[in-house]
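Working notes, beginning with the structure itself.
Numbered from 1 within each chain, the chains take letters A, B, ... in sequence-line order. Predicted model only: the values in this text are computed from it and were never measured.
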Amino acid sequence: MSSMPNFVLLRPETAADAVRLRAAHPDSRFVAGGTDLLPNMRRGLVRTPAVIELAAVRELDFIRRSGDELHIGAACTLAALAADPQVAAALPALSEAARAVAGPTHRASATLGGNLCLDTRCRYYNQSAFWREANQFCMKLDGDGCRVAPRSTRCHAAFSGDVAPALIALDARVDILGTGGVRTLPLAELYRDDGMAWLALGSEELLTAVRVPLTAGWQSAYAKARVRGAIDFPLSGVAVALRRDGEHLAILRIACTGVASRPCAIGGLDILVGRPLDAAAHDIIALAIKRDILAMDTTVAGMAYRRRATAVLAKRLVDRLWQEAG
Amino acid sequence: MHWHGEPHAVILLKLDFDAGITILTGASDIGQGSSTIVAQIVAEVLGVDYGRLRVIANDSAITPKDNGSYSSRVTFMVGNAAAQAAENLKALLVTAAARRLGIDDTELEWLGEAACPRSEPDRHVAFADIVEEALKGTGTITAKGVFTCPPEFQGGKQRGGAVGSTMGFSYAAQVVEVSVDEELGTVTVEKVWAALDCGFAINPMSVEGQVQGAVWMGMGQALSEETSYEANGLHQVANLLDYRVPTMAESPEIEVHIVESLDPNGPFGAKEASEGPLAGFLPALAAAIEDAVGRRPTTLPVTPERMYDLLHRKTRRPRAEPVRGDA
């Protein structure tokens, strides 16, 4: 890892100023905890003349209940999110996902907004400048073609944030502040299935908050496959939210991470509503996951293992939540 | 490196007017506690208070050369050199104490922080006064100790043999308890028992820590640490995120049993404390996995992916077949 390149540090105190600065410096980047951006800058993966630091923007650091929603500011640290009793009680998937990120020191500075906007990752991209040059680079930066899928015309780098699938399963929306004001969209719509352009964010836009519905009777959980119990990014991560109505499923939402260029909201689960969780239901879930995820060779661990692990984690979480709700 | 007869370890002791002793050693304390052991040995031989001792380690501008902290050689080799250096310094001090007391060296009783004539136990001279006597006409005193690994312990004439990598031949036994998640292939180490004949345990707490560290290092080799390469030769995991050293989350309870013996060549009978508990983890883990699932891994590390493949391999290997080759 090289030394930090030179850059201008801008330090706004309000979100509106942050967005104005971003618009005034088109090639700048926002930084909050810096756990993703700073290593990437030191590896030459991110080159920017100006960094807009959000630490002084206090208005983005909050967790508060508003009616039947929980509002969480983008600058809330993952440690604070993991330790919050309201989150743990009402939205366990979010709590578990925040706690599953990296190690304690990362979580102390990493933020919710940063984890949702995490750069996509690949074994051919997250390497030193020397390494990438020796490998003739790749389309995500400085080169042509995809090293993972040589015939591909798109980049397959994997989105590997833990928190996004939990929030997608919990049906969260995000507030995005631009120079023209705030827009709110479902979190799943923040992402695009493209390892090079995975965020549907305008160049001057800032993700400011997350709104999570507090729906009575929802059970939720998150689990990830990894080699070590800490630090590692997910080889596969699965979040499940469900509501059980007697012997029938009333709601089932599943989202996955680490197995595509965006966090995957698994589709086609609505047909299970009103049905019991039996073997046939599990078959439908497994098929839906297999259809929607696209684990590629982006990690040293093989893609076949990651696909199988995704199915195993989903089955376990669905079974567990179904039992707990019974 | 040592064919021409250079010793395998050298220690210098510097005694000055404040009656303090500076221990100069090239041995690197990488957390294993080698500076503590060297100080303990000097204090034990001289019988002086620890407050008189200061260790200055591995500053190549002022400390003697040392071969390094590897092969669990430091307690054995540097420890022997430290004991010899302390004996050499003690001989100078015994002479000075006898001179101060007006007696012959052979009549002196050395008490560590003082000395007296053997026949007159109440006529003490204090350590500070002994040092004052010793420094007359010479000032600061340096004493030296060396250790040379005898040729019969250097392992023959093969390339590298002269480095005398180890003389501490310890014996260790290890038991590993695992649980295996058969759907995800995850192997969890529940508990480890390690028993080690480390010779004489100069510092039992340090021995226990060394054994725990060795188990942990073996656990990394057995479960998660792996180097692999692209077809073009590029290292696939050339960073500490992808090269997976175990974390506290993987650390099991490790029960350490010290089985003491006396090694005729080691300092105070000590051997070493890390090689056996490291090497033993890998086969013990493989045996534990076989006991749990009926199949024995023969390729390490047993990552979840490799464990999954082992569990779902088509043909079932007979349980009695021994571990081969790469394990």
Side-chain angles (χ1 to χ4, degrees), chain A residues 1 35-36 39-40 42-43 99-100 102-106 121-136 147-148 160 223-236 238 295 297-316 319, chain B residues 178-190 216-253 285 289 297 299-314:
Chain A
M1 208 163 274
T35 54
D36 188 42
N40 286 353
R42 288 185 59 184
R43 276 184 160 161
R99 202 177 305 116
T105 47
H106 301 102
R121 301 184 62 83
C122 179
R123 58 192 281 202
Y124 297 106
Y125 173 69
N126 297 98
Q127 298 285 0
S128 67
F130 165 82
W131 198 102
R132 286 181 296 113
E133 183 182 2
N135 206 44
Q136 286 81 51
R147 299 285 165 262
V148 164
S160 303
K224 72 196 267 193
R226 52 181 166 183
V227 176
R228 295 181 293 187
I231 300 177
D232 295 352
F233 284 96
L235 296 173
S236 164
V238 179
D297 200 14
T298 54
T299 61
V300 175
M303 46 192 170
Y305 174 78
R306 284 158 55 216
R307 288 194 200 114
R308 287 190 299 255
T310 310
V312 169
L313 292 174
K315 180 171 192 308
R316 283 184 180 179
D319 270 340
Chain B
V178 297
S179 54
V180 178
D181 182 327
E182 295 189 74
E183 287 183 320
L184 286 177
T186 318
V187 176
T188 305
V189 179
E190 303 289 347
W216 218 54
M217 186 171 166
M219 199 170 69
Q221 294 179 11
L223 288 175
S224 55
E225 294 174 33
E226 183 168 24
T227 50
S228 55
Y229 299 86
E230 297 288 331
N232 62 12
L234 281 172
H235 198 321
Q236 289 181 328
V237 294
N239 61 74
L240 287 171
L241 176 61
D242 296 319
Y243 184 84
R244 296 184 166 112
V245 178
T247 72
M248 278 308 288
E250 281 73 55
S251 189
E253 185 188 345
L285 177 93
I289 290 172
T299 305
L300 298 176
V302 193
T303 57
E305 186 179 11
R306 212 166 256 144
M307 189 67 222
Y308 183 94
D309 290 344
L310 177 69
L311 283 162
H312 296 88
R313 200 175 52 199
K314 286 282 184 289

Pick from B:N232, B:L223, B:T186: which one has the most heavy-atom pairs with chain A under 4.5 Å?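 Among B:N232, B:L223, B:T186, the one with the most close pairs to chain A is B:N232.
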Does atom OH of B:Y229 have more than 12 heavy-atom neighbours from other groups under 6.0 Å away? yes
Other residues, nucleotides, ligands: >12 heavy atoms within 6.0 Å of A:E133 CD: no
Would you mind checking which part of A:R132 comes under 4.5 Å of any heavy atom in chain B, side chain (CB onward), backbone (N, CA, C, O), both or neither?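 Answer is neither: A:R132 stays 4.5 Å or more from chain B.
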Which region of [X], side chain (C-beta onward) or backbone (N, CA, C, O), has a non-hydrogen atom less than 4.5 Å from a non-hydrogen atom of chain A, or is it both or neither?
| X | answer |
| --- | --- |
| B:E226 | neither |
| B:T188 | neither |
| B:V187 | neither |
| B:E250 | side chain |

Considering only heavy atoms and a distance below 4.5 Å, find which of A:G103, A:A301, A:A311 pairs most often with chain B.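 Sorted descending by pairs with chain B, the first entry is A:A301.
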If you tally heavy-atom pairs under 4.5 Å against chain B, which of A:L313, A:V227, A:V300 wins? A:V227
Grab the two heavy atoms, one from [X] and one from [Y], that are nearest each other, plus how far apart they are.
| X | Y | result |
| --- | --- | --- |
| B:Q236 | A:R123 | NE2-NH2, 2.7 Å |
| B:L234 | A:A134 | CD2-CB, 3.9 Å |
| A:R228 | B:L240 | NH2-O, 4.0 Å |
| B:R244 | A:D232 | NE-OD2, 3.1 Å |

Can you check whether B:N239 reaches A:Q127 side chain to side chain, under 4.5 Å on heavy atoms? yes
Of A:R316, A:R308, A:K315, which meets salt bridge (Lys or Arg N to Asp or Glu O under 4.0 Å) against B:E183? A:R316
Rounded distance (nearest 0.5 Å) linking atom [atom1] of [X] with atom [atom2] of [Y]:
| X | Y | atom1 | atom2 | answer |
| --- | --- | --- | --- | --- |
| B:E230 | A:N135 | CD | CG | 6.0 Å |
| B:M307 | A:Y305 | CE | OH | 11.0 Å |
| B:D242 | A:F233 | CG | CZ | 9.5 Å |

Would you please name every residue forming a side chain to side chain donor-acceptor pair (under 3.5 Å) with A:S160, sequence neighbours left out? none
